[in-house]
Each structure stands twice: as structure tokens, then as C-alpha cells.
Amino acid sequence: MNTATVSDAETPRSLKARILGTPSVGPLLVLLGFCVIFALTNPRFLATHNLSIILQQTVIIGVLAIGQTLVILTAGIDLAVGAICVLGTIVAGKLVNLGYDPVLSMGFAILLCTAAGLAAGGLVSGLRLPPFIVTLGILGILTAALRLISEGGAFPVRDPFLAWTGNTMKLGGFVLTYGVLIMFTLYAAVWYLLNQTKWGRHTYAIGNNAEAARLVGIPVRRHLLSVYVLAGLIYGIAAWLALGRIPNADPNAMQSANLDSITAVVIGGTSLFGGRGGLIGTLIGALIVGVLRNGLTLAGIDPLWQDLVTGILVIIAVALDQMSRRKS
Amino acid sequence: MNTATVSDAETPRSLKARILGTPSVGPLLVLLGFCVIFALTNPRFLATHNLSIILQQTVIIGVLAIGQTLVILTAGIDLAVGAICVLGTIVAGKLVNLGYDPVLSMGFAILLCTAAGLAAGGLVSGLRLPPFIVTLGILGILTAALRLISEGGAFPVRDPFLAWTGNTMKLGGFVLTYGVLIMFTLYAAVWYLLNQTKWGRHTYAIGNNAEAARLVGIPVRRHLLSVYVLAGLIYGIAAWLALGRIPNADPNAMQSANLDSITAVVIGGTSLFGGRGGLIGTLIGALIVGVLRNGLTLAGIDPLWQDLVTGILVIIAVALDQMSRRKS
Amino acid sequence: EEVIIGLVTKTEVNPFFVKMRQAAEARAAEKGVKLIARAGKFDGDNEGQVAAIEDLISAGAKGILVTPNNSSGMLDVIKKAREAGVLVIALDTATDPADAVDATFATDNFEAGVQQGAYARKAMGDKQAVVAMLDGTPGGTVDTFRHDGYLKGFGIAEGDPSIAGAAITNGAQDKGQVGMENLLSKNGDINAVYTINEPAAAGAYAALKSFGKEADVMLTSIDGGCAGVRDVKDGKIAATVMQFPYKMASMGVDAVVEYAASGKKPSGFVNTGSFLITDKPVEGLESKDTAWGLENCWGD
Amino acid sequence: MADNPPHVVLEARNVVKTYGHVTALDGVDFELRAGEILAVVGDNGAGKSTLIKTLTGAVHPTSGDILLDGAPVHFKGPLDARHAGIETVYQDLAVAPALDIAANLFLGRELRAPGLLGRLFRRLDKTRMREEARRAMGELKFRLPAIDNPVESLSGGQRQGVAVARAALFARKLVIMDEPTAALGVRETGQVLELIRSIRDRGLPVALISHNMPNVFDIADRIHIMRLGRRAAVVTPKTHSMNDVVAIMTGAATA
Amino acid sequence: MADNPPHVVLEARNVVKTYGHVTALDGVDFELRAGEILAVVGDNGAGKSTLIKTLTGAVHPTSGDILLDGAPVHFKGPLDARHAGIETVYQDLAVAPALDIAANLFLGRELRAPGLLGRLFRRLDKTRMREEARRAMGELKFRLPAIDNPVESLSGGQRQGVAVARAALFARKLVIMDEPTAALGVRETGQVLELIRSIRDRGLPVALISHNMPNVFDIADRIHIMRLGRRAAVVTPKTHSMNDVVAIMTGAATA
Ligand SMILES: Nc1ncnc2c1ncn2[C@@H]1O[C@H](COP(=O)(O)OP(=O)(O)OP(=O)(O)O)[C@@H](O)[C@H]1O
Ligand SMILES: Nc1ncnc2c1ncn2[C@@H]1O[C@H](COP(=O)(O)OP(=O)(O)OP(=O)(O)O)[C@@H](O)[C@H]1O
Ligand SMILES: [Mg+2]
Ligand SMILES: [Mg+2]
């Protein structure tokens with residue numbers, strides 16, 4: 001008698017359990033909740049033009065947060081996101097202003113960002129240093145290097161190719177920049193990588209239990225390296241998007257990108273201890289931050305109070321998410 | 001025959017293994033190494049007066065890093081260190097300037113900081129929210145609250161009691177402020193707590209394996225709460241020390257205290273995953289940061305290059321530490 | 001022995017201070033003295049600036065030029081420096097009390113704000129104003145002076161109903177753009193914009209343009225960086241108020257060199273001046289055109 | 001069974017525990033009597049560990065009652081159970097890998113130094129804890145590295161030894177052990193069975209989960225058989241053979 | 001032993017492994033021959049797990065040689081061993097608790113979808129992996145919740161089943177199992193022993209660490225006895241009794 005094998009014990013999960021079990025549903029509900037509240041306080045909030053603006057404002061942090069998600073999923077943390085992205089804008093801008101071909105310039109800049117990711121990944125995987133320290137060190141090095149390259153000042157970048165990602169197109173009532181489309185494309189592509197390929201499986205496994213991953217024969221170090229390299233590449237693309245949004249290369253830009261991108265990841269439900277979470281949550285997390293900032297302004301909240309309200313709402317957002325999870 | 005019991009298998013560890021095995025030896029060697037290098041580049045570095053200065057400069061981050069260490073040992077992270085400390089300076093300063101008794105004012109301010117710790121701990125332990133989000137939220141709330149309390153601007157605080165911690169005394173050639181002494185006293189006291197009491201054991205156990213701690217009957221939530229409360233108290237004391245160093249209450253101060261204190265903790269060898277590390281390492285980590293900044297200035301290094309050199313040296317410091325550990 | 005001059009600026013984040021440092025370095029090289037520069041990490045980093053001054057005293061600086069983050073934040077350490085025989089000169093921002101330092105070479109930021117506000121008001125004629133305020137870092141001394149000055153020049157008080165809203169930009173272009181976008185979404189009638197500095201103004205301009213409103217809004221600023229002046233010339237910004245970091249820096253270096261040589265100390269407040277730069281002058285307000293501006297601007 | 005069975009110390013009545021769509025316990029009853037060694041056996045996934053977790057407050061039952069000495073109890077967490085004198089060896093051991101052997105042995109029950117140092121300064125008595133730990137582990141006759149080695153450097157069996165020694169050291173009312181000999185060698189298993197007997201002889205009943213039938217038949221007074229989240233039967237080694245028990249476990253027979 | 005013993009597939013010669021001041025392996029020799037089931041027994045802490053970790057590249061020996069088919073090998077990590085066709089069940093199981101059963105079963109060996117999707121887009125074949133996993137676990141006749149449940153929600157024995165099934169599924173040259181039945185029930189243990197026999201019958205030798213003497217004597221062709229980090233003896237179930245083996249393990253007798 002072997003009635004008790006896999007097959008017959010496998011009760012299909014109820015639809016409700018399935019929906020509530022999907023990790024990004026909590027953040028999504030929170031996002032929608034905030035939207036409803038803001039729409040009630042100010043009907044302009046829902047104007048397609050305003051929603052388009054929010055999307056455009058989310059692009060840079062949204063894309064940086066993709067790389068940050070990858071790194072955090074491996075139980076790391078990346079404090080150099082902003083610096084690497086600025087590296088891309090400055091190098092591309094500088095080269096174009098020196099008369100080089102814009103496509104090559106941008107390509108080279110993205111390559112450099114990828115190389116910065118390679119350096120971080122090399123130190124983390126090769127010397128097994130804590131990612132916090134490695135990326136903090138790289139942040140310091142790049143901060144200095146960028147100021148030296150740009151001689152301390154920001155400079156405008158007027159090349160149409162570099163600014164191309166800022167061009168807009170209409171879609172229904174929405175005004176979308178190409179940058180917004182690229183952001184969504186990147187999310188889709190990296191989501192696919194994370195959820196439909198071996199590479200993604202290994203990323204989760206390493207973050208969840210690095211020793212087990214090593215023992216089953218996953219090349220942990222090489223994989224970690226690839227994660228940081230891909231993150232660097234993504235930061236490079238974010239640099240292009242940043243130039244589209246602000247055609248100005250400024251060594252001092254993106255000071256708050258670290259905190260903002262980590263915040264998006266964590267609000268999106270990904271664990272800072274690695275191995276748990278996902279990319280859709282991050283996108284929603286980034287949107288929550290954007291919606292809060294925009295919605296509070298539209299609600300006429302004094303900027304002095306905005307930090308306060310944002311602080312409270314972020315805590316509430318995550319608390320609601322936790323609760324919905326515990327229920328399921 | 002039971003020759004193979006505990007007692008006879010217990011070979012005494014060699015002195016070298018013992019020394020190298022002590023977790024804070026790596027950072028200490030790095031600190032001494034940096035001191036030697038800086039002394040060679042500029043003999044003024046070793047002047048007792050200069051060394052006294054470095055100690056004084058380390059006081060605030062050094063004390064904040066005590067609380068940060070406690071929180072990180074429980075596998076948490078505290079992004080509100082700076083904001084809570086500034087809360088202390090502003091409230092104490094405001095009350096004294098309004099004519100209240102300075103001792104009561106400072107006491108009340110410290111109490112308020114402790115309450116902020118209580119709030120953080122309550123959300124972390126009660127609602128089981130991620131410490132990152134909780135303290136980020138509190139940071140936002142306090143940032144706004146402080147600007148509102150101080151009506152936007154910084155103000156001088158001239159009360160002698162509040163500034164008392166900045167008074168100096170001579171000790172050999174050294175000029176020590178009372179603040180420096182308080183810092184060392186706090187390190188000694190919290191070191192005792194962590195290493196010689198049940199409370200400390202439980203702190204490590206929770207950070208190392210929270211579920212095991214719960215199963216053996218440690219009141220995990222209550223304990224977490226106590227950790228955040230103690231951290232808040234320490235940030236309050238840091239506020240007093242800050243007023244001694246700079247008799248000025250500024251709502252915009254200490255924005256880099258988060259990163260700086262976490263850096264000191266991590267350089268000191270404490271794991272961001274909790275349960276491993278110690279307080280002595282943190283003190284050394286804070287001193288390393290202070291020595292770097294002072295030493296590079298005395299070496300006449302351009303501020304642009306200072307970031308770069310600091311970035312590299314921090315990575316090297318931790319790399320050396322890791323290597324010394326792997327050896328032992 | 002080599003003369004060492006210390007320079008402690010607010011941050012390396014703000015191009016104004018970067019240019020000030022570069023000017024000081026150039027001047028020091030000219031005079032054959034050694035300049036050691038340090039900066040705070042962020043607006044409000046009093047501790048970083050205090051530590052910098054302490055380190056510079058340790059390093060044996062003859063004189064220290066400092067742009068205090070806030071006017072009362074570092075009185076003690078300045079006193080310590082002066083007691084150690086170091087000449088201390090405040091650049092750009094005065095201390096409170098002003099005689100805490102030997103001398104102050106600075107612009108009156110409140111006055112600069114007044115110039116910005118007055119220009120905006122006059123240039124708009126009788127149009128009913130709807131104002132957006134793009135602030136820097138609330139609580140900073142300069143931020144407060146410029147903000148309050150603008151309101152005074154514009155002739156309104158804090159809380160006036162014509163103020164449609166405010167945003168915190170930290171003087172950064174990206175935050176200026178986001179703040180302006182959100183304010184425009186909130187109130188499409190905005191027709192006057194105060195900005196804390198020219199990067200914030202550049203961000204505001206981008207937002208205005210994406211809303212198709214760049215022509216109808218009185219966008220003004222303060223700084224006098226060359227990029228800003230060019231924006232005035234291109235009509236993106238209606239007017240800006242120029243300050244002179246080069247002048248402050250080189251005067252400061254000169255003073256320390258003089259002190260090292262002769263022991264003579266400068267004293268008092270030296271206003272390095274501020275000029276309204278616009279190609280559309282209004283009556284009753286003295287201003288210079290962008291041609292003059294481009295000759296005298298800082299940066300590149 | 002005797003006409004006048006000893007009184008029931010720990011009891012569970014109709015306990016249900018579901019995890020989402022998985023039913024781990026499906027209305028289980030449980031009785032641990034004074035002075036007995038009760039073995040709990042059952043297939044993997046039968047719900048043994050979940051059952052003992054509900055008994056010690058580590059998990060809250062979805063429904064059903066737990067009674068201690070006949071009175072209903074509601075343990076909020078393992079701490080409450082510990083206060084009631086119940087000690088448990090969990091299957092996943094509940095050790096803090098970075099802490100040393102002595103620290104793990106006394107985890108949650110640290111000894112304070114005598115005198116002022118202990119009372120006022122709440123100083124730990126590390127020396128005494130280390131000595132006691134050495135003694136306790138020595139009794140189990142384990143080959144161990146130094147007592148101040150972190151538990152993460154121990155072999156699987158050595159770790160289990162630490163968890164077992166801890167429960168034995170502190171029990172005041174009863175002991176529950178979830179597969180305490182799973183990773184143990186022959187000699188060490190013998191030592192642990194010895195220890196279990198000595199606990200019973202101290203007057204404390206022991207509930208022992210084990211898959212090792214010879215051990216179970218060697219030591220148990222009664223055998224509680226779990227099947228699919230329920231109690232299939234309670235038998236004694238005298239009335240039933242190993243094969244009988246295995247047949248009940250797998251559902252091939254009923255008691 | 002036979003006059004012409006089958007050739008040695010995996011061999012260790014005089015391997016030493018020290019951890020700081022602890023000597024885990026003190027010059028151990030090891031031989032796994034073609035077509036055999038070799039049991040490795042020894043007290044807790046005797047060095048069994050360390051030995052097999054050095055054999056699979058999970059740990060680098062301080063000194064000594066490892067030979068595969070007579071040729072020295074230097075595995076840089078477990079990946080190299082896997083490439084050589086060696087599959088291992090580690091004592092601490094090596095599972096990623098947050099991933100589901102199917103994902104853990106195929107961890108490091110994921111299947112790609114057929115056709116363009118797989119070749120070009122490197123898409124995983126999740127359906128097939130799930131089915132294969134169901135089949136593999138079904139063979140072990142474990143009671144399991146749905147195959148897409150995370151491993152952390154499994155019982156101790158169920159987790160072990162996952163690790164065992166994984167090794168059985170992928171072995172091409174030889175299999176090493178470190179206490180694969182420690183947490184298993186009677187029925188499940190029987191199934192795993194059955195599985196081990198079928199692996200042997202597929203022509204792959206198996207090294208099996210176990211503390212369960214009846215199991216060892218039931219299944220092993222030869223028994224490698226560890227004591228204090230060395231090989232104390234190699235015996236066969238035919239020539240020695242359980243008591244003999246235990247005596248050698250504890251040092252009370254020599255072979
Ligand atoms: N990482 C490590 N650091 C320090 N010592 C270790 C480490 N791993 C194992 N040891 C020590 O080496 C010895 C052998 O351990 P090993 O795990 O090989 O034993 P084992 O024979 O597998 O025991 P068990 O049957 O309990 O699993 C033990 O004394 C153990 O404490
Ligand atoms: N946290 C959990 N989430 C979901 N399911 C769980 C959880 N814990 C246990 N289960 C399920 O409940 C059932 C009973 O598990 P339990 O651990 O009690 O079994 P057990 O009898 O102890 O088995 P073993 O002998 O293998 O240890 C199993 O099917 C298991 O998958
Ligand atoms: Mg179990
Ligand atoms: Mg073992």
C-alpha cells in the first residue's frame with residue numbers, strides 16, 4: 001500500500017492562496033491603495049499626464065534598482081550604484097563633447113560601467129570581501145575619479161543620440177519617453193533571466209545558501225562575478241537613460257541613489273539577507289516611492305512635512321505587505 | 001576504554017593561534033600599520049596633540065557606532081543613528097535656550113532619544129518589520145520633525161553643562177576632552193554587557209540564529225526591544241557629546257552618520273548578517289576612519305584624492321583582516 | 001618653512017565651492033605656497049568642517065579660509081585656531097558673531113535673494129503671480145537668506161497665498177526637475193519660480209519645457225556660474241545673480257600670504273559683491289548683460 | 001496496561017495544525033504519563049515534529065487543547081514551556097552555530113557569578129559554565145574538541161550531543177526529544193539511551209521520537225504510532241512486535 | 001578477499017586534514033572498488049564527513065593524495081567532482097531552503113527546454129523538471145506535499161529524501177552518501193537501501209556512511225572503520241560480527 005506518495009498528497013492550491021502567495025501582490029495592493037488615496041485628495045493625480053510624469057521620474061532609480069535587486073538577491077549590497085551610473089554619464093558626455101562618435105562613446109561608457117561591476121564582483125568573489133566594504137570603497141574611488149575627470153564641474157551634453165532616451169511618444173493619453181519603454185524592457189528581460197533560466201536559479205540559490213550552492217557544484221564565485229557584471233551593465237544603461245532625462249553630466253548627481261534603490265528593493269519585498277524576493281516587487285517599490293513623492297506634492301503637503309509622511313507611509317506599506325504574507 | 005572524551009582531546013591552543021584568532025587583532029594591525037605610514041609621511045602625525053585631536057574627532061561616530069554594533073549584531077541595521085542623535089542636540093538646545101534647567105533638559109533629550117529607540121525596536125520586534133525600513137522611516141520622520149522643531153535653522157547652544165563634555169584635561173602630553181573619557185567608558189561598559197552578561201550572550205544568539213534563540217526560550221522580541229532601547233540611549237549620550245564638541249544644534253547635521261557608523265562596524269570585523277563580531281573591532285574601525293582622514297590631510301593630499309585613497313585603503317584594510325582570519 | 005594655507009569649503013558637491021577651491025589652488029600655486037583643501041560631506045556637516053580645521057591646525061597651517069556650513073557651527077574651533085596664531089578668514093558665509101573670524105570676504109546672500117525677487121516681480125509687471133519655491137537644504141544659512149531675500153524682493157511674506165508650493169532640491173538638477181514637475185502637476189498656473197542655484201534652475205527649466213510652459217514662467221536664480229549665465233543668454237533663465245567665488249578665494253589666499261610675510265591681518269567684512277545678470281533689464285534695477293556676465297562668470 | 005495507570009503529565013486532545021494547504025496534524029491525541037518513556041514513531045512527514053512543537057509552544061495549534069497535569073495550558077512560546085519545566089531537543093537542534101559549546105549548552109539559562117559580581121553586575125560565571133559543560137559532555141563520552149570551539153566546527157553527531165546534553169541538564173518536569181540519536185554513533189547512541197533511562201529514573205517522563213525500532217523496543221514503556229497526522233495506535237513493546245508497529249505505521253494493519 | 005579484487009575507482013592515500021589545532025584526519029587511507037557498496041563507520045567526530053569532503057573537493061586536504069581510477073586528481077571544488085561523475089549526499093544536505101523541491105532536486109543541473117526556446121533563450125523546462133522530480137520522489141515512496149513547496153517547509157526526513165533522490169538521479173561514476181538514512185523512517189530507510197542497491201546494480205560503486213549497524217551489515221560488501229581520524233580496519237560482514245566492528249570502532253579491539 002503506498003497511497004501516501006507524492007501524487008495523491010498533492011492538493012492543488014486554492015486560487016486565493018496562490019494569489020496571496022505571490023510575493024509581489026502585497027506591494028502591489030499597497031501601491032494601488034496609495035493611488036486611490038491620492039486620487040481622492042487631488043483628482044489631477046490620475047491625469048494621464050501626471051501618471052506619465054511619475055513613470056518618467058521612476059526611470060533612473062527603477063533601472064538602478066534592477067541591478068541592486070540582483071546584488072541583494074545574492075545576499076550582497078551595492079553602495080556604488082549611483083557612482084557607477086554617473087561614471088557612465090560623465091564618460092559618455094566627455095567623449096561626445098571631445099568629438100567622438102556618440103554611439104561609440106555611449107557604448108564605451110557602458111563598457112566602463114560594466115568594468116566597474118567587474119571590479120566589484122572580482123573583489124567580492126575573488127577575495128571574498130564583504131560587498132558593503134567593496135562597493136563603499138568603489139564609491140569613494142569613483143567619486144574622486146569622476147571629479148577629477150570632469151574637473152569638478154557639471155557640463156551639458158547636447159548630443160541627440162545620448163539624449164534620445166528622453167524623446168517622448170504618445171500612447172493613449174500617456175506621454176512616454178523611450179527611457180520608460182527601455183525600463184520596462186529591462187525589467188522584462190531580467191525577470192526572464194531570474195525566473196526562467198538556470199542563471200536566475202543559481203542567483204537565488206547562492207543568496208539562499210551559498211555553501212549548499214557550492215556543494216551541489218554551482219560555480220559560486222564565477223556566478224557572483226557575473227551578477228556584479230550584469231549589474232554594472234544595467235547601471236551603464238541607466239546612465240544613458242539619465243542623459244535622456246537630464247542632458248547634463250554632473251559628477252555630483254545621484255547622491256541618494258544608493259538609499260533610494262535599496263529602499264525600492266526592500267519595499268518590494270526582497271530580503272536583505274538574500275535568496276528571497278523578486279524583480280516585480282522592486283518595480284512596484286520604485287513606483288511606490290515615486291507615487292508618494294508626487295502624490296504628496298499634489299496633495300499640497302509642505303515639503304518639510306513630506307519626509308515625515310513618507311517615513312510613516314513607507315513603514316505602513318511594508319507592514320501591510322508583511323501582514324498579507326503572514327495571512328497566506 | 002574511553003580515552004576519547006572531552007578532556008584529553010582538548011589540546012591547548014597555541015599562543016599565536018589564540019592571538020590571530022581574536023577577531024579584533026586584524027583591524028588592530030591595520031590601524032597600527034596606517035599609523036606607521038602616516039608617521040613616516042609627516043612627523044607631526046605622532047604629536048600627542050594630533051593624536052588627541054584624532055581621538056576627539058572619533059568621539060561622536062565612535063559612540064554612535066556602539067549602538068550601531070548592537071543593532072547589527074542582532075542582524076539589524078540602523079539608518080536613524082544620526083537623526084536620533086540630532087534629535088537629542090536640538091531638543092536639549094531648544095529647552096535650555098527656553099530657560100529650562102540644563103541637566104533636566106539634557107536628561108529629557110536623552111530620554112527622547114531612548115524613546116525613538118523604543119519606537120524602532122517596537123516596530124522591529126512587535127510587527128516584525130525589516131529594521132532597514134523601520135529605521136529609514138524613522139529617519140524620514142525625524143528629519144522633518146527636527147526641521148519643524150528648530151524652525152528650519154541651526155542655533156548655538158551656549159550652556160556650560162551641555163558643553164561640559166567638550167572641556168579638556170591633560171593626561172601626559174595628551175589633551176583629552178571629557179567626551180573622550182565618556183566614549184571609552186561607554187565602550188568598556190557595553191563591552192562588559194556584551195561579553196560578560198546574559199544579555200550579551202542573548203544578543204549574539206539572536207543575531208546568529210533567531211529561531212534557535214526562540215526555541216531555547218530566549219524572549220527574542222523583548223530582547224530585541226531592549227537592544228534598540230539601549231542603542232537609543234547611547235545615541236542620546238552621543239548627542240551630549242556632540243554638543244560638547246560643537247555647541248550648536250543643527251537639524252542638517254550628521255547626515256553621513258549612518259554610513260560612517262556602519263563603516264566603522266564593518267571595518268571592525270562585525271558581520272552585517274548578525275551574530276559575529278564585537279565592540280573592540282568597532283572602536284578600532286572608528287579610529288581607522290579618523291586616522292585616515294587626519295593622516296591624509298597631514299600628508300597634504302588633495303581632497304579629491306583623499307576619497308580615492310580612502311576608498312582603496314578601506315578595501316585593503318578589510319582584505320588584510322580577512323586574510324589574517326583565514327590564516328588562523 | 002613652507003607656508004601652508006588651509007581651505008575648508010562646505011561640500012565638494014556644489015560646483016560653487018569646487019570652483020572656489022580651484023581658484024584658491026591656482027592662486028596658491030602662483031604665490032608659491034601650499035594649499036591643503038578639505039570639505040564637508042554634505043550641507044550641514046559641521047563635524048566634518050570642525051575636524052578639518054583641527055587637522056589643518058595640526059598640519060601647521062598659517063591661515064585657514066573657511067566657508068562655514070552654518071554661521072554658528074564652528075565658533076569654538078575657530079577660536080582655537082586663532083589662539084594658535086592661525087589667521088582665519090570666512091569666505092562666502094559670515095559667522096555669527098561676525099568678529100569670530102579675523103575677516104570675512106563674502107557676498108550678502110540675503111541681498112542676492114532680494115535682487116532675484118525684485119527682478120522677478122518687476123519683470124512680470126502687473127501679472128498675478130503664482131510662485132514656486134525650489135529650495136536647497138532647508139535650515140542651511142545660505143538657503144534661509146536667499147529664500148527670505150527672494151520673498152522680500154518679491155514683496156510677499158512667507159505663507160502668502162500666491163506661493164503655490166515648494167520643493168527641496170538640495171541644489172541638485174535632478175531633484176530640481178522632479179520638484180518642478182510635481183509642482184506643475186499640482187498647479188499649472190505657476191508663473192514665477194525661485195531657485196536656490198543654477199543647477200536647480202536648469203532642472204526646473206527641463207520640467208517647464210516638458211510641460212510646454214518655458215515661455216510663460218519667470219525663472220530666476222543665483223550663482224553666476226558660466227553655465228548659468230549661458231542659460232540666461234539662451235533665454236532659459238530670465239535672470240541670475242552673480243557671485244564671485246574666485247575673487248573670495250584669491251583675496252583669501254593673498255591675505256594669508258601677506259600675513260605670513262608681514263604679520264598683518266585683514267579685518268572686517270569685505271563684500272565681494274553680487275550683480276544681477278540679465279539681457280532683459282527692468283527699470284530701477286541695476287543689472288549687467290550676459291556678455292559682461294560671461295566675462296566675469298566662474299567655472300567653464 | 002495496568003489497571004491504575006499513572007497520571008497523565010502532558011496531554012494533547014484533538015490537535016489540528018495546518019500550514020496553508022498542508023495538514024500536518026489532523027486531530028491528534030497524545031498522552032505522556034508520569035515516570036514513563038514514551039516512544040513516538042511514524043513515517044517521515046507523519047507529523048511527529050509538528051506534534052511536539054505544538055506541545056512546547058514552538059508552534060500554535062490551529063485547534064485542539066494541550067493539558068499539563070490535567071490543566072489546559074496555552075504556551076505563548078517555548079519560553080513558557082521551559083518555565084513549566086519542559087525541556088526539548090528539537091530535530092533541527094536549535095543551536096547558535098557561532099557560539100561555543102559551553103555557551104550553547106547554557107543558552108537561555110546562563111549561570112551568574114556568585115556574590116556581588118553576579119548579583120549586582122550580573123556577571124556570567126564563564127568558568128563554571130565551561131566546567132559544567134565539560135562534565136555534561138564528558139558524561140556522554142563524546143570525542144570533542146575544546147569546549148570553547150564554536151558549534152559550527154563540530155561534526156553532525158557532536159552537535160546533536162550538545163542539544164541532548166542541554167535538555168538533560170535542565171529538565172525539571174519532563175523531556176521531549178525529537179530524534180536525538182539520528183546522527184549518533186553506536187557508542188554515543190548507547191550513552192544517550194542510558195541518559196534517557198537515568199532521566200526517567202530521576203522521575204521525569206520522556207517522550208522520544210525515533211525511527212530506530214530496536215532502540216525504541218529496547219527503551220520505551222509505550223509506543224505512540226503516528227500516521228498521516230493522527231495517532232494510529234498506542235502499543236507496548238510487550239504486546240506488539242516491531243513488525244506489528246511498522247505495519248501500523250504504514251497503514252498495512254491496525255492495532 | 002578475492003584473489004583478484006576489482007579495480008579501485010576512488011582512492012585516498014595518507015590524507016591529513018587539520019582545522020587550526022584540531023586534527024580531523026590523521027593520515028587516512030580509503031579505497032572504493034568497482035561495483036561495491038562500501039560502508040564507512042566510526043564514532044562521532046571520527047572524521048568520516050571530513051574524509052568524504054576531501055574526496056569530493058568540498059574541502060582541501062592539508063596533505064595526502066586523492067586518486068580516481070588510479071590517476072591523481074586535484075578537485076578544486078565540488079564542481080570538479082561532479083564533472084567527474086561523482087555525486088554526493090552531504091550530511092548537512094546542501095539544500096536551498098527557500099527553493100522548492102523540484103528546484104532543489106535539479107540544483108546545478110537544471111534542464112533546458114527543447115528547441116529554440118532552450119537553445120537560444122536558455123529557457124528552463126520547469127514542467128519537465130517538476131515531472132521528473134515527482135517521479136524521482138515517488139520512487140522513494142515518500143509522503144510529500146506539492147512538489148512546488150519550498151524545502152524549508154519539509155520535515156527532516158523529507159529533506160533528506162530530496163538530497164538522496166538528487167544524488168541517485170545524476171550519478172555517472174560513483175555515489176557517496178553521508179548518513180543518508182539518519183532522519184528516515186523505517187519504510188523510507190528500506191526504500192533508500194533499495195535505491196543504493198539499484199545504483200550498485202547499475203554498475204556504480206557506492207560509499208555509504210552510516211551509524212546503523214544492522215543496515216550496514218545488511219547492505220555493505222566491505223566496511224571501512226574510522227577511528228580518531230584514521231582507518232582502523234577494513235572488514236567484511238562475512239568475516240566480522242557487529243560486535244567486532246563496534247569493538248574496533250571504539251578501540252577495544254583491533255582487526
Ligand atoms: N570546519 C571545522 N572546523 C574545526 N573543526 C572541525 C571542522 N569540521 C570538522 N571539525 C572537527 O573534525 C572532527 C571530525 O569531524 P567530522 O565531521 O569529519 O566527523 P564525523 O566522523 O563525520 O562525525 P559524525 O558521525 O558526528 O558526523 C571533529 O572533531 C570536528 O569537531
Ligand atoms: N513550516 C511548514 N510549512 C509547511 N508545511 C510544513 C511545515 N512544517 C511541516 N510541514 C509539513 O507537515 C508535515 C509533517 O511534518 P513534520 O515535520 O511534523 O513530520 P515528521 O513526522 O516530524 O517527519 P520526519 O520524521 O521526517 O521528521 C510534512 O508533510 C511537512 O511537509
Ligand atoms: Mg520530524
Ligand atoms: Mg559526519
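Naming: A, B, ... by sequence-line order, numbering from 1 per chain.
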Quick check on [X] against chain C: is it the side chain, the backbone, both or neither that has a heavy atom closer than 4.5 Å?
X	answer
B:Phe45	neither
B:Ile54	neither
B:Asn42	neither
B:Ala47	neither

### Query
Going through the distances and angles, do B:Ile53 and C:Asp55 end up as a side-chain contact (heavy atoms from CB on, under 4.5 Å)?
CA-CA 8 Å; B:Ile53 287 281; C:Asp55 291 346; 3.9 Å; yes
Atom [atom1] of residue position [X] - does it have more than 12 heavy atoms of other residues, nucleotides or ligands inside 6.0 Å?
X	atom1	result
B:Trp164	CH2	yes
B:Tyr100	OH	no
C:Lys152	NZ	no
B:Phe34	CZ	yes

Nearest 0.5 angstrom please: [X] [atom1] to [Y] [atom2], how far?
X	Y	atom1	atom2	answer
C:Glu54	B:Gln57	CD	CD	4.5 Å
C:Glu47	B:Asp250	CD	CG	12.0 Å
C:Ile36	B:Leu298	CD1	CG	7.0 Å

### Message
Checking the side chain of B:Asn252 only, and the main-chain atoms of C:Pro138 only, is there a donor and an acceptor separated by less than 3.5 Å?
### Response
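Side chain of B:Asn252 to backbone of C:Pro138, a donor-acceptor pair under 3.5 Å: yes, one is there.
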### Task
Report yes or no: does B:Gln255 contribute a side-chain atom to a donor-acceptor pair with the main-chain N or O of C:Asp43 at less than 3.5 Å?
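Pair found, side chain donor or acceptor close to backbone of C:Asp43.
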#### Entry: B:Arg147 and C:Thr137: CA distance, side-chain angles, deciding distance, side-chain contact (heavy atoms from CB on, under 4.5 Å) verdict
CA-CA 10 Å; B:Arg147 284 178 183 157; C:Thr137 305; 4.1 Å; yes
### Message
Let's test your reading of the structure: which of B:Gly300, B:Ala163, B:Ala299, B:Gly295 forms the most heavy-atom pairs below 4.5 Å with chain C?
### Response
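Answer, by heavy-atom pair count under 4.5 Å with chain C: B:Gly300.
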### Query
Pick from B:Met254, B:Arg245, B:Arg293: which one has the most heavy-atom pairs with chain C under 4.5 Å?
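Highest number of heavy-atom pairs under 4.5 Å: B:Arg245.
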### Query
Do B:Thr297 and C:Arg38 get their side chains close enough for a donor-acceptor pair, meaning under 3.5 Å?
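Yes, because at least one side-chain N or O of B:Thr297 sits under 3.5 Å from a partner of the opposite role on C:Arg38.
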### C:Ser72 and B:Asn248: side chain donor to acceptor below 3.5 Å
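Distance-only check passes for C:Ser72 and B:Asn248.
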### Message
Given heavy-atom pairs under 4.5 angstrom as the criterion, report whether the side chain, backbone, both or neither of C:Leu7 touches chain B.
### Response
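No part of C:Leu7 comes within 4.5 Å of chain B.
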### Task
Taking all heavy atoms of C:Gly73 and all of B:Ile246, pick out the closest pair and write down the distance.
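Looks like O-CG2, 2.7 Å.
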### Task
Quick one: closest heavy-atom pair of B:Asn50 and C:Ser58, and the distance?
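Looking at all heavy atoms of both residues, the closest pair is OD1-OG, 2.6 Å.
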